[in-house]
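Beneath this line is the structure, given in structure tokens, with notes to follow.
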Amino acid sequence: MVISQRNPLSSRTSKMNKLTTSSSELDLDRPNIEDYLPTDSIPQPHAKLRLRDLLDISPTLTEAAGAIVDDSFTRCFKSNPPEPWNWNIYLFPLWCLGVVVRYGILFPGRVLILTIGWIIFLSCYIPVHVLLKGHDKLRKRLERALVELICSFFVASWTGVVKYHGPRPCARPKQVFVANHTSMIDFIVLEQMTAFAVIMQKHPGWVGLLQSTILESVGCIWFNRSEAKDREIVARKLREHVEGTDNNPLLIFPEGTCVNNNYTVMFKKGAFELGATVCPIAIKYNKIFVDAFWNSRKQSFTTHLLQLMTSWAVVCDVWYLEPQNMKPGETAIEFAERVRGIISARAGLKMVPWDGYLKYSRPSPKHRESKQKSFAESVLRRLEEK
Amino acid sequence: MGSASSTLTQYDIEDVQQHCNNLFSQQEIVSLYKRFCQLDRTAKGFISADEFLSVPEFAMNPLSQRLLKMVDGLNFKDFVIFLSAFSAKASMPQKIEIIFKVYDSDYNGKVTFKDIMEVLRDLSGSYMSDKQIEEVLIKVMQEAGYSKDSSLLLDDFVKILEHPGLKMEVEVPVD
């Protein structure tokens with residue numbers, strides 16, 4: 001793809017370094033988006049105000065038209081459909097053969113593997129869960145191993161080829177793990193190596209059932225995106241978990257939503273203000289084999305899994321990166337951005353300054369208000385000039 | 001042209017190109033079509049206001065509501081014609097015409113003092129009172145030779161706004 005000269009991302013990333021935290025109450029939640037957006041909408045200062053300057057809305061219109069033509073937010077959630085390569089007489093039969101192999105041979109094989117896995121898992125898990133009620137430590141160890149086992153079965157059912165780089169996570173107190181988020185399978189890929197406790201959105205259907213039964217045993221925290229008060233409750237639960245000595249290491253996806261594995265959106269600061277060491281994990285899927293991005297607007301999780309099970313393979317790299325601590329004088333938001341930079345650099349992802357939750361809601365009026373404020377101030381100031 | 005999800009034929013591309021007076025290259029029209037289909041999530045053949053507002057950068061713009069009135073419900077051809085004013089090859093009068101249309105919200109060909117005040121209100125939000133806006137506007141209009149009761153026509157806008165520094169260009173990313 002030809003990078004156009006007016007690539008909005010380049011002007012934004014160049015401003016990435018001068019992240020300032022606003023002191024106003026409203027902005028404590030997020031860094032100043034204004035630091036990232038082009039500032040040409042502010043008219044030239046220190047010159048006498050004329051009718052032309054008031055009437056000239058061209059910078060604002062240009063920004064709006066630019067957003068219509070291309071914007072970095074929508075790009076984060078675009079699933080890239082594979083280029084059709086089967087368009088000629090030689091390749092089409094080959095592709096048909098591939099479809100037959102994938103749907104006729106691989107898929108039933110995988111379903112079989114998964115079924116066997118579930119039978120083994122349930123036949124071990126239920127007795128352990130019920131019979132060892134008194135022996136908590138042993139029960140926890142066994143349940144952890146079993147969860148890792150079923151995750152391995154899941155990964156095998158997509159012919160998952162996962163390459164892990166870096167030192168494996170160990171369970172130590174006062175640490176959290178953060179990773180970029182592409183699909184719910186991120187969790188499964190990571191879980192097969194280490195039994196993490198995780199914080200998730202409660203899902204309906206069979207996923208919800210799994211969440212409330214099996215995942216409870218590794219320790220999970222639930223949140224509800226749509227509830228505003230929820231955040232404080234969740235923050236408290238996070239803190240309690242991290243400070244507990246017996247709990248499984250906690251895995252958090254600070255983006256808060258699935259992104260298409262080419263970009264990272266802003267990290268929520270919740271994971272970074274727990275006073276714990278943050279261990280970044282970077283995950284990158286190889287798109288040649290399958291696009292692992294779960295576009296939750298377009299497909300249900302079941303459809304997504306079926307799509308994975310009828311593809312050739314899921315190939316990905318997982319990097320366990322160096323644990324980071326908050327530097328003195330750094331705020332939680334700056335810390336979050338720094339870790340996001342580390343993960344994005346490792347996985348080759350571009351950083352964009354948007355909050356992932358804008359997928360579900362409109363931007364808050366305060367962004368528009370700050371533009372309006374700078375316009376008003378500039379006009380009033382230039383009015384004074386003679 | 002068929003449903004929004006079908007691919008564009010060469011005939012369609014040339015048709016659109018002719019309608020926008022060759023202000024976009026064929027590659028740019030193909031890119032714009034991909035963008036149009038991306039925004040038109042339900043493949044209706046036009047982009048609804050809600051779908052425009054799902055682009056946060058657009059929703060944050062102070063003039064988004066005014067622009068929405070101009071782009072809401074446009075089919076692809078009209079969408080390209082609208083955006084052609086922002087092409088680098090578009091003429092100055094064409095760009096000024098779009099600016100005029102943003103001000104002239106009732107499409108009567110005249111921009112009154114009240115129209116300008118409304119746009120200034122959008123741009124300054126709650127940070128300038130109506131009285132302040134009125135004061136500023138009367139002052140600069142008088143200096144430019146207009147009174148509070150003047151109505152500005154497109155020619156007046158061209159006279160006031162035309163200067164080599166006026167840049168209103170958007171680049172269409174071409175794969």
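So you know, we letter chains A, B, ... as the sequences are listed, proteins then strands, and number each from 1.
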Do [X] and [Y] come close enough that some side-chain heavy atom pair is under 4.5 Å?
{"X": "A:Arg50", "Y": "B:Val140", "value": "no"}
{"X": "A:Thr74", "Y": "B:Ser54", "value": "no"}
{"X": "B:Ser31", "Y": "A:Asp70", "value": "no"}
{"X": "A:Val69", "Y": "B:Arg35", "value": "no"}
{"X": "A:Val379", "Y": "B:Ser124", "value": "no"}
{"X": "B:Asp50", "Y": "A:Arg362", "value": "yes"}

request  = State the CG-CG distance between A:Leu55 and B:Leu120, to the nearest 0.5 angstrom.
outcome  = 7.5 Å

task = Give, for atom CD1 of A:Ile68 and atom CG of B:Leu68, the distance between the pair rounded to the nearest 0.5 Å.
result =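 If we round to the nearest 0.5 Å, A:Ile68:CD1 and B:Leu68:CG are 8.0 Å apart.
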
key: Flag, side chain of A:Gln372 to backbone of B:Asp122, donor-acceptor distance under 3.5 Å   = yes

inquiry  = Has B:Tyr146 got a side-chain atom pairing as donor or acceptor with A:Leu51's backbone, closer than 3.5 angstrom?
reply    =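 It does not hold such a pair.
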
Give the minimum heavy-atom separation between [X] and [Y], together with the two atoms involved.
{"X": "B:Glu57", "Y": "A:Ser72", "value": "OE1-N, 4.4 Å"}
{"X": "A:Asp56", "Y": "B:Tyr103", "value": "N-OH, 4.5 Å"}
{"X": "A:Glu63", "Y": "B:Asn61", "value": "CB-ND2, 3.7 Å"}

Please state whether the side chain, the backbone, both or neither of [X] comes within less than 4.5 Å of a heavy atom of chain A.
{"X": "B:Val119", "answer": "side chain"}
{"X": "B:Gln132", "answer": "side chain"}
{"X": "B:Ser64", "answer": "side chain"}
{"X": "B:Phe58", "answer": "both"}
{"X": "B:Ala144", "answer": "side chain"}

ask   = Who in residues 90-99 of chain B is close to chain A, using a strict under-4.5 Å heavy-atom cut-off?
value =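 Only B:Ile98, B:Ile99 of residues 90-99 of chain B have a heavy atom under 4.5 Å from chain A.
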
inquiry  = Between B:Leu32, B:Leu123, B:Leu152, who has the most heavy-atom pairs with chain A when the cutoff is under 4.5 Å?
reply    = B:Leu123

